[in-house]
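For clarity, every value in this text was computed on a predicted model and none was experimentally measured. Protein chains get the first letters and strands the later ones, always in sequence-line order, with residue 1 at the start of each.
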2 protein chains.
Amino acid sequence: MHKKRVSIRDLAKVLGVTPSTISRALNGHESISVSRRDQIVQLAKELGYRPNQIAKSMVSNKTFTIGLLLPEFTHNYFNNILAGIESVSFQKGYQLFICTSDELKEKEEKSCMAFLNTRVDGVLAAVGNDSDDLSHFETVIEDGTPLVLLDRICEDLNTSYVVTDDFQGSLDAVQYLVQTGCKQILHIKGPEYISTSFNRYLGYVEGLKKNNIPLEENLILMGEDEQFEKKLNQIFDEFEVDGIFAFSDYYAYDAIKVLQKRGIGIPDEVSVIGYADEPIAQYISPQLSTVKQPAFEIGKHAAEILFKMIEEKNTTIMSKQLETTLVIRESTR
Amino acid sequence: MHKKRVSIRDLAKVLGVTPSTISRALNGHESISVSRRDQIVQLAKELGYRPNQIAKSMVSNKTFTIGLLLPEFTHNYFNNILAGIESVSFQKGYQLFICTSDELKEKEEKSCMAFLNTRVDGVLAAVGNDSDDLSHFETVIEDGTPLVLLDRICEDLNTSYVVTDDFQGSLDAVQYLVQTGCKQILHIKGPEYISTSFNRYLGYVEGLKKNNIPLEENLILMGEDEQFEKKLNQIFDEFEVDGIFAFSDYYAYDAIKVLQKRGIGIPDEVSVIGYADEPIAQYISPQLSTVKQPAFEIGKHAAEILFKMIEEKNTTIMSKQLETTLVIRESTR
DNA sequence: CTGTTAGCGCCTTCAG
DNA sequence: CTGAAGGCGCTAACAG
């Protein structure tokens, strides 16, 4: 299949020297005459020599590869994280070994094992919401492979992570809602098992508390609920909701559709705030107010931490929490 | 850094056998007693043995890895391609080595070299629109690494590709426009240098021709034009445009915004058709009619072809062209 | 400055 | 059924 590849031995034979000399020349070692080096480099180019990274890794025990595990790429959020990671890994000369988990634990496990087997130098991962059991990540840690968690924390995992301050972001959103006159605020909650859902919920609760608004259990709706529309309608039948804070822009949009069907004016009668600033936030009408996460920075910081761990063999925990920004558009008063 | 990893030699020592025996047991070879095999497999598990894929690749000259080069992930289209590829690569037990080119030739070249150096078993790539010079892909081909092109064709490259029938898709769109009464159809054209832009343009031209509508140069606008809004307005001042066919959903949306500012009714006065069926098509208002590409299938087919090339050492060209579907929503009559 | 030797972890003959 | 020997491509340590 492959054209026979040229190895340093081939080069050595042509020039009548030993492979070691070739290796030294190609890797910019000290002790080698300039003329010889040039000669070798030149020949390598001519013959289309391509260093076998596999063999190099074999001896150096280093692959210049980092494993990246993300749930999916349909949300712009993860694309931006990827972009942030790439911006630093590319510059460092590392390749990305990307796996998507589809939020499935099974794929997560397989990917982690694949990372270990291929001896990646480090792992970046956003744990899926299907994962209550985290033993595969523990395996990574025990193996001694640096691991940095993205976006979603797992308290049980003793490793660095980079997240945004979901609590504060949500609190900001609710505060804004209250300041602009909302009295009854509905929360559309995210999937269970992921820390972000819970933290945003907590921010919501805190927001109410700070403003002496009693927490009403019936004003909390799961975004993934199969009877979402029906339940939302029931809530509107029963309560005088004038504000909605949703776990995601998509949930917010789902709610907006229901409200529009009911002929409820946004933002006149109900203010709506989403989360994440996905592209659709700008395309829907009214344009959606939302909590913007610094996705690119999350990726960037996570990668930087990981490289610090890899290159400096630094094992201290270096977690980081980034701030969100409230973006006000047309869906709020 | 790493906990010392256990190798087959370690296992061998424990059991007082040779590494060969361990290797045979772990790889399900014939000639080995069942009891011994079980014993070895058991021990491997206990000691957390993890086969060194690097070492395996070294001897087998196979990495079970395929290189994937995509321009970016901000368009849902490429995500779906990725999903299609993954659906087959995952099942085949291959890992994906993903690089994004950001449409930059420099990154494309680097990635190709990285693919070759890490000895991926095959490459899937959508060439960026920045690439007039394709020598890096030729290098891949010459190296003997199977290559399948995605989405965008390069006539000069003698290798398999999987694309959609952009010409037909565009023709369908224009035909629909005409059939629903449009007489003056504007085309918003895509970036130069990529085959899809040209093919969609050709489909537009053919659509006019089939309906005896003269081609009017002034009714063609570049989507990336910096003075897009101004020029579009000029066109509407001068011509009685009643239909728009855009290279992408995003361009279509840009146009819709301009029309709405002008108070032009969609679809009453002007019908609009986009391309790709990006998520925003469903979120904007009016919901956008568009040409849907079978992105998932593109990825799937491309991967299948690649695996055929890899596993059967098949070198014949097996290109494929997939059909599009016209999705009619609210932006057309 | 360059050659020799040994070995990274694994697999594949070839013997026995 | 199992052991011994050699090698995948490259680098590092030690001589010279």
Name the closest nucleotide to the A:Ser20 side chain, picking from C:dT2, D:dA12, C:dC10.
D:dA12
So, OP1 or OP2 of C:dC8: does either fall under 4.0 Å of a side-chain N or O from B:Arg9?
yes
Under 3.5 Å, is there a donor-acceptor pair between the side chain of B:Asp133 and the main chain of B:Ser135?
yes
Rounded distance (Å) that lies between atom P of D:dC8 and atom CG of A:Asp10:
11 Å
Answer with base, sugar-phosphate or nothing: what part of the nucleic acid does B:Ile32 contact at a heavy-atom distance below 4.0 Å?
sugar-phosphate
Starting at atom CD1 of B:Ile22, determine the distance to atom P of C:dG9, rounded to an integer number of angstrom.
15 Å
Rounded to whole angstroms, how far apart are CG on B:Asn52 and P on C:dG7?
18 Å
Could you state the CD1-C1' distance from B:Ile8 to C:dC11, rounded to the nearest angstrom?
8 Å
Which label fits B:Phe97 and A:Phe97: parallel for a plane angle under 30°, tilted from 30 to 60°, or perpendicular past 60°?
parallel
Regarding A:Arg36, tell me which of base, sugar-phosphate or nothing describes its non-hydrogen contacts under 4.0 Å with the strands shown.
sugar-phosphate
Which whole-number value in Å describes the distance from A:Met58 CE to D:dT11 P?
13 Å
Name the residue closer to the 5' end of DNA chain D, choosing between B:Ala55 and B:Val34 according to the nucleotide with the nearest heavy atom.
B:Val34
Candidate nucleotides D:dG3, D:dC10, D:dC8, ranked by approach to the side chain of B:Thr18 - the nearest
D:dG3
Check whether any side-chain N or O of A:Ser7 sits under 4.0 Å from OP1 or OP2 of D:dG9, and answer yes or no.
no
Judged by modelled atom types alone, do A:Thr100 and B:Glu86 share a side-chain donor-acceptor pair under 3.5 Å?
yes
A:Ile54 has an atom CD1; how far is it from atom C1' of D:dT11, in whole Å?
16 Å
Are A:Phe78 and B:Phe73 an aromatic pair by the rule of ring centers under 6.0 Å?
no
Return no unless some side-chain N or O of B:Thr21 is found under 4.0 Å from OP1 or OP2 of D:dG3.
yes
Would B:Asp151 and B:Tyr77 count as having a side-chain donor-acceptor pair, cut-off 3.5 Å?
yes
Would you say A:Asn27 places a side-chain N or O within less than 4.0 Å of OP1 or OP2 belonging to D:dT11?
yes
A:Ser23 side chain near D:dT11 phosphate (N/O to OP1/OP2, under 4.0 Å):
yes
From CD of A:Gln53 over to C1' of C:dC8, roughly how many Å is that when rounded to an integer?
14 Å
Any N or O donor-acceptor pair under 3.5 Å from the base of D:dG3 to the side chain of B:Arg24?
yes
Of the candidates C:dC10, C:dT2, C:dC8, the side chain of B:Val59 sits closest to C:dC10
Rounded to the Å, how far apart are B:Leu26 CG and C:dT12 C1'?
16 Å
